[in-house]
Amino acid sequence: MADDPTDDDLRSREWFARQDSYGFIYRSWLKNQGHAARMFDGRPVIGICNTWSDLTPCNGHLRGLAEHVKRGVYEAGGFPLEFPVMSLGEPLMRPTTMLFRNLAAMDVEASIRANPMDGVILLVGCDKTTPACLMGAASVGLPTLVVSGGPMLSGRWKGRTLGSGTDVIRFKEAVRAGTMSLEEFMAAEAANSRSAGACMTMGTASTMAALCEGLGIALPDNGAIPAVDSRRQALSFEAGRRIVAMVGETLTIDRVITRDSLKNAIVLNAALGGSTNAVVHLLALAGRLGIPHTLDDWDAWGRDVPCLVNLMPSGEYLMEDFYYAGGVPAVLNQLRDRLAGHQITVTGRAIAEVNAAAEIHDARVIRTLAEPFKPLGGIAVLRGNLAPDGAVLKPSAASPHLLVHRGRAVVFADSDDLKARIDDPDLPVTPDSVLVLKNCGPKGYPGMAEIGNLPIPPKILKQGVTDMVRISDARMSGTAYGTVVLHVAPEAAAGGPLALVEDGDWIELDVPNRRLHLDVPDAELARRRAAAAPFVSKYARGWEKLYVEHVMQADKGVDLDFLVGSSGPYVDKVSH
Ligand code: FES
């Protein structure tokens, strides 16, 4: 394929170059939208995959951004066609958006492959919309470029700054501890979310948007420009221009996302104190692209990378501050000696070159490697008889004094049991206890709930204790914090040892040595296993049934087993 933006080798020519009744149908029906005949002259067709939805408020402004993408596509000589896909709105969907990430990815994959497009822009924002679109696009393999919606403006209330999610968790615990009134709690709502955009802490949405820069699949500054800053519109315009060129360069997603770019993203995630959810999303994405990638890569690549940014939930500033301080390019430039700097990005240039001139403008928000914000970035991958296939913990969000801890288990059988008993004044719990939650993993919940940061019992909060060791097969919100062991694999519902923990068992957490141990004799564990009832899903039909039967464990990225890999972009049959 030549660099000429009009090219008969383009995939879309299989639709639009035809002189028969098929070509008539393909062109004629599209012309009812007012497209001129020259739109079908061999110019690249760019799909704009839009996760806009009123029900995904974090993505509510993406219809507007799509118009800026289209302008860029037209200016570069392409033909933009916007299409909707399933959107996943974290605030509203039940039981959890993660149950539907793979379903949305199937929608994205099928929508791209079935339609006449040569390249695709993924317009994403809220947490799962980014990995879902990337996974779907990866299983097709066209030139692909991500445009994120960007974060909301900082929350402001009573003269103080509010961070999405993080302050909700603080407020909730303050109400439970009796130090905040319900009236104040309700009054803070509007102040918390005061513009379009995604959560403005370094939660999962901002983590994934930033990691798209680390992966090289988005333009510089995609991660942090505020949603309502006009520079977000300009970035969308430039993305539209660039994807047309990428088609000409055959710069497909598999050339951009490689094992080296995964390494770059994981190093970046460590420096950002990014969300633990990124672990399952990148593992799943790697699976779609056939890239060898395991949980151990997270520990190996991120272990010695300090946290450089002072952002909630690990720190105090917000995404708006982060952008003004230099954003993701400034962090990537700090990390230049630790990155696979040669890796090509959607710009067509190497990641080291792209970020070489980026500077830190505010050292309170972005620190240097020489003077990091926290010495421990990264994701600690724990193993032991309680998590044979691994579990994760985010050291930058944990309490240093709890990173080595031995305590007795207080066990909750599932999320319903947790809700029923956590506030019970008679709960037999002390500050040294280890809270254990079962049956909230991929199969058990199903969908791997974001409730791994179990609430601290009120009787403990009233003692002034704000953190305890917590262990589960669940995930936690990227906006959450605490000494929280997550993603225990195998999960309880898949027969993991977590299912065997009983009240009063001793549990040992040793983060420096990456160890998670249930101090119960093997013979006793064998007795418990023999007596345990097998997990039975309550779902007899529909997506939930398919999901529970095919979902893989957290250490494999929670994708469905039959979705791993790619089927390429070609379709060998037509229907008319
Ligand atoms: Fe949508 Fe946080 S809830 S980005």
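In each ligand, atom 1 is the first atom listed, and ligand 1 is the first ligand listed. For clarity, every value in this text was computed on a predicted model and none was experimentally measured. Nothing fancy with the numbering, it's 1 onward along the sequence.
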Side chains of residues 441-457: which donor-acceptor partners sit under 3.5 Å, not counting sequence neighbours?
residue: Lys443; atom: NZ; partner: Val548; partner atom: O; Å: 2.8
residue: Glu450; atom: OE2; partner: Asn277; partner atom: ND2; Å: 2.9
residue: Glu450; atom: OE2; partner: Arg475; partner atom: NH1; Å: 3.2

For atom 1 (Fe) of ligand 1, report each protein N, O or S atom nearer than 2.8 Å, sorted by chain and then by residue number.
-> Cys58 SG, Cys126 SG
From Ser396, Pro395, Pro400, residue fulfilling side-chain contact (heavy atoms from CB on, under 4.5 Å) relative to Leu376 = Pro395
Measure the acute angle between the ring planes of Trp301 and His293, then classify it against the limits of 30° and 60° as parallel, tilted or perpendicular.
-> parallel
With no hydrogens and no angle check, do the side chains of Gln343 and Ser261 hold a donor and an acceptor under 3.5 Å apart?
-> no
From Glu213 atom CD to Asp221 atom CG, the distance as rounded to the nearest 0.5 Å = 6.0 Å
side-chain hydrogen bond (donor to acceptor under 3.5 Å, both in side chains) with Ser148: of Asn222, Asn59, Thr129, only one passes, and it is Asn222
